[in-house]
Structures are given as structure tokens and as C-alpha cells.
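In the text below, chain A, chain B and the rest are named by the order of the sequence lines, each starting its count at 1.
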Amino acid sequence: MRKAPKKLPARLKRKKRYVAFFVFTDSRLSESDVVSAVHHSIMELFGETGLSTAGFSLVEYQNGCGIMKCNLDFLDKFKFSLAFIERIGDARVSFIVLGVSGTIKSARRKFIKRFLERGIQEKLERIRCPR
Amino acid sequence: MKRYDLHLHSNLSVGKNSPEEMVRFAEILGFRTIAFCEHYSGITKLKEWFAEIEKIDTSIDVVKGVEIIEKNPVALKKTIFKVRRYAELVCVHGGDYTINREACRNRMVDVLAHPELGRNDPGLDEFCVRSAVENDVLIQVNFRLLMKGYGKTRARVFELVSENIRLCNELGAKVIISSGAYSIWGMRDPGSLNSVLKILGRESQPDINQILERNRKKLSGRLITDGIEVVS
């Protein structure tokens, strides 16, 4: 007797997307800061039902760059929620969406890798950040 | 996806970052066109700002715009007439109904910014939107204003903006979204801005190259009026 439901075939699974992002901020942020800020923003803008349909989770996060997962039908709302985050605690933040992809592998290859190769972090350091 | 932001402020007027810093940040965000719309305070200043903006070495198209803030339609008309000879993009600070109406009626205006600002109604009616369609005036959604407030206040702003967008969709007016940023913290990437507009009821932004090209031709004297052009 099975103890858990059988894995769904690909055609019946909910379609998801991976959003590659960069957090431009004036202080250091941990993984949990980012997750709670996104949760809070979705909750504030779309409520509990919105959050339940978002299917949001943080896949990876390192040095300001990361990948988040969300359901395909929530993608625009997800980007909308990211755009409305302007502060995490005392830190000023701006979420920059680098791109959206169907797999983690291609999100890494197409967006994160390219972003790091372009030397953007060095360029950002040269821009003055007013309070 | 259209990659432009036609409403930015730098420290030349009310902003906090220099135009160069804003341009560098816009390059990182992936914009192809940005416009500085500083608050108008005289022709001399305007020329100084434009000279400053021209110095920036960049791969993206930087438009020299101006935002006009006037209290009555007569003054607005006069100011538009004055600045049109210098600015590539004329943006009118909306909010007052008479100003919104005049901006939509005036062929020299390119953008009407935030018509719902400080109002309890959307600030646009059928006449305004029909005039905007006729005179090719873009109706602008300002992201900075959407960020303001919390809870009920923000929901009210969303409601007014959505109502304006619905009316523009019905009558065929062009709607754009701009960050209206005062510093780099207010700037958002083109994808996020487009998503905000989509959620508020508009699928995509129009192409603005034609408008910018027409304005630049007029400033250089190559275009005399619509349809009459100096070709050699």
C-alpha cells in the first residue's frame, strides 16, 4: 500500500518559472531577509489567496544574485510584487529582474552567469547611493 | 517588450543622483531609451540642463525632456509654446482637471503625467481621452505614486489608475508607465514596469520612436509640419 500520492506526470504538473534576480542594496542581506520581504510584499498586494497561488520559494541566493521559483500563472503578479519592495528593515533595496526561465540550469546560464561576467557589480559600486 | 522610461529626475532639479549616475544605472537595468524630465524653471536653466545631459557618453538614447508644472491652462499654454523649441519631450504635470484637459488638447504636448494625482476621481473623462488620441498625447502611469501610501490609500490610487487605463483601452489612447524616479532607488527594470502596467489592465506599451524622431526632426528644422519635410 502506498503511503504518499504518486508523482504527477509532467503534463499534469503545475507549470513554474524561475526568476533570476539581483538585489541592489546599501547593506548586506541574508537569504531569510529576502524571503520574508517577498512574502510580505505578495501578502500585502494580493493577500493570503495570492500567496497560496504564488508557489514561491527561493532556490538559491549568493552575493545579491539569486533565483526564485513561482507558478507561471502568477509570474506577472510576482514581478509586480518584487517591484514594490523598496526597504528591508533599514536597508534600501531595489529588486532587479535579470530574466525568467523554465529551468534552473538555463536561468543560471542565461542570466546569472552573464550578469556576473558583465562586471556589473563593479559598475554599481561606482554609483553613489543617496539615503 | 518596450524598454524605455520617460520620466526621470536628476539632481539638476529635484532629484538626488547626477544624470550620469542615472544613465549608468539605466544601462544596467537594460533600458534602451530614458528621458530626463526636470521641473521647468526658465529657459536659461533648461539650456544648461540639456548641455549637461549632452555631455554623457552612453550607448542608450537619452532624451532631453521637461516637465511643466502650471496652475492654470493659460499659463500652461504659454509655457508649452516656449519650451517646445528646445525640448525633445514635453511632459505636463497632471492632477488638476483643467490642466489635464488642456494637456490632452494641445498638439505640442507629448506626455500627460499622473492625471489622477491628488484627486478623488481619475482626472480624465471621455473628452480628455478622445483629445489625447487625436493629438497623440501619451497618458502616463507614474510608478513612484503607486509606491506611495499603504493599504487603503494605495488601493485607492490603484483603482483610479486602473480606471484611467480602462478608459484609454476603450477609446484607444496610448498608455505608458514611467518610474518618475528621484534617485536610483526609485528606478525599476523594464520587465517589472511592464508587469505593473499589465496587472493594472494594459497589455503593452506603445512604440515611442516615431514620436521622438518627429520631435527631433522638428527641432532640427527638417520637419516643418506633419507631412512637410525638408529632404535635401
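- With a 4.5 angstrom heavy-atom cutoff, L146(B) touches chain A via backbone and side-chain atoms both.
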Discussion item. Salt bridge (charged side-chain N to carboxylate O under 4.0 Å, His left out) for E27(B) and R24(B)? Distances and angles first, verdict last.
Written reply: CA-CA 5 Å; E27(B) 281 173 357; R24(B) 298 288 164 248; 3.0 Å; yes

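- Using a 4.5 Å cut-off between heavy atoms, F95(A) touches chain B through its backbone atoms (N, CA, C, O) alone.
- With a 4.5 Å cut-off on non-hydrogen atoms, V100(A) does not touch chain B at all.
- For F50(B) against Y86(B), the heavy-atom pair with the smallest separation is CE1-O, 3.4 Å.
- The part of I199(B) that comes within reach of chain A is its side chain, from C-beta onward, which places non-hydrogen atoms under 4.5 angstrom from that chain.
- Proximity to chain A is absent for every atom of M22(B), based on heavy atoms less than 4.5 angstrom apart.
- Residue L45(A) touches chain B through its side chain alone, counting heavy-atom pairs closer than 4.5 Å.
- Here the side chain of R154(B) pairs a donor or acceptor atom with the backbone of M147(B) at under 3.5 angstrom.
- Comment: E116(B) does not engage R119(B) in a salt bridge, judged by the lack of any side-chain N to carboxylate O separation of less than 4.0 angstrom.
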Discussion item. Working note: D76(A) + S195(B), criterion side chain to side chain donor-acceptor pair (under 3.5 Å); need CA distance, chi angles, decisive distance, verdict.
Written reply: CA-CA 5 Å; D76(A) 276 317; S195(B) 295; 3.2 Å; yes

